[in-house]
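Each chain gets a letter, A, B and so on, in the order the sequences are listed, and its residues count up from 1.
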Amino acid sequence: DAGVIQSPRHEVTEMGQEVTLRCKPISGHDYLFWYRQTMMRGLELLIYFNNNVPIDDSGMPEDRFSAKMPNASFSTLKIQPSEPRDSAVYFCASSTEGYYTEAFFGQGTRLTVV
Amino acid sequence: SQKIEQNSEALNIQEGKTATLTCNYTNYSPAYLQWYRQDPGRGPVFLLLIRENEKEKRKERLKVTFDTTLKQSLFHITASQPADSATYLCALAGYQKVTFGTGTKLQVIP
């Protein structure tokens, strides 16, 4: 397996634009997590899915953020409208048993909002 | 509120020595504690997991301890090598929640 695949690797966008980040989890993993990493706040959990169903989205900062998982092999994180403070590295991770096993992280998407 | 502190932002150590990284937490009762390694420009990579009823876990040159009374985990790398240079993150997992520390950047000097 190629691991968790995220796209794009880098994204630069103007404030106010819509941004969509994509993730393909490892096949057979029932859990998918979206994280955001910044120097100030470290790695923060935004939302996670179990069997394509959102379980906990309490980490999603605002209504501008939304995430979907239409099937077991694809998830998106959308920011609309984007703001400069959304600039961060966004990671997707997947696992077999939620928090209680190792999570496999993708390479991340570095988002810069200017 | 829940808080996780990793001892220092950066730790420099001589090659061959044992590196010890600390993860302290407050207002939390984790069932599991994990350690990850993160290299620049890459996602975290899982290293070890230890459960609340376990005191110690080992894997090759790595050792993790978990003291729920002190609310502390120690992560040891014995016979450290320059290739061990990276940022190490601890993560606490409880019911329906996982929280990461901000990490300690380890530099192993040849």
Let me check something: do L32(A) and I5(A) share a hydrophobic cluster, defined by ILVMFWY side-chain heavy atoms less than 4.5 Å apart, either directly or through other members? no
Q) Does atom CD of E62(A) have more than 12 heavy-atom neighbours, drawn from other residues, nucleotides or ligands, at distances under 6.0 Å? A) yes
**Item:** CG/D63(A): more than 12 non-hydrogen atoms of other groups inside 6.0 Å
**Value:** no
Flag yes if more than 12 heavy atoms outside E60(B) fall under 6.0 Å of its CD atom; otherwise flag no.
no
Applying a strict 4.5 Å limit to non-hydrogen atoms, the region of T101(A) in contact with chain B is backbone
Do I47(A) and F91(A) land in one hydrophobic cluster if side-chain heavy atoms of ILVMFWY residues count as linked below 4.5 Å?
no
Whatever's closer than 4.5 Å to a heavy atom in chain B on Q37(A) counts as side chain
Honestly, the part of F104(A) sitting under 4.5 Å from a heavy atom of chain B is neither
Applying a strict 4.5 Å limit to non-hydrogen atoms, the region of R110(A) in contact with chain B is neither
Given C92(A), G108(A), A103(A), the one with more heavy-atom pairs under 4.5 angstrom with chain B than any other is A103(A)
**Prompt:** Taking everything shown except R41(A) itself, do over 12 heavy atoms lie less than 6.0 Å from its CZ?
**Reply:** no
Is the number of heavy atoms from other residues, nucleotides or ligands within 6.0 Å of NZ (K71(B)) greater than 12?
yes
Check: Are there more than 12 heavy atoms of other residues, nucleotides or ligands under 6.0 Å from atom CZ of R64(A)?
Finding: yes
Those residues of residues 32-57 of chain B that come under 4.5 Å of chain A on a heavy-atom basis, listed by number, are Y32(B), Q34(B), Y36(B), Q38(B), G41(B), R42(B), G43(B), P44(B), F46(B), L49(B)
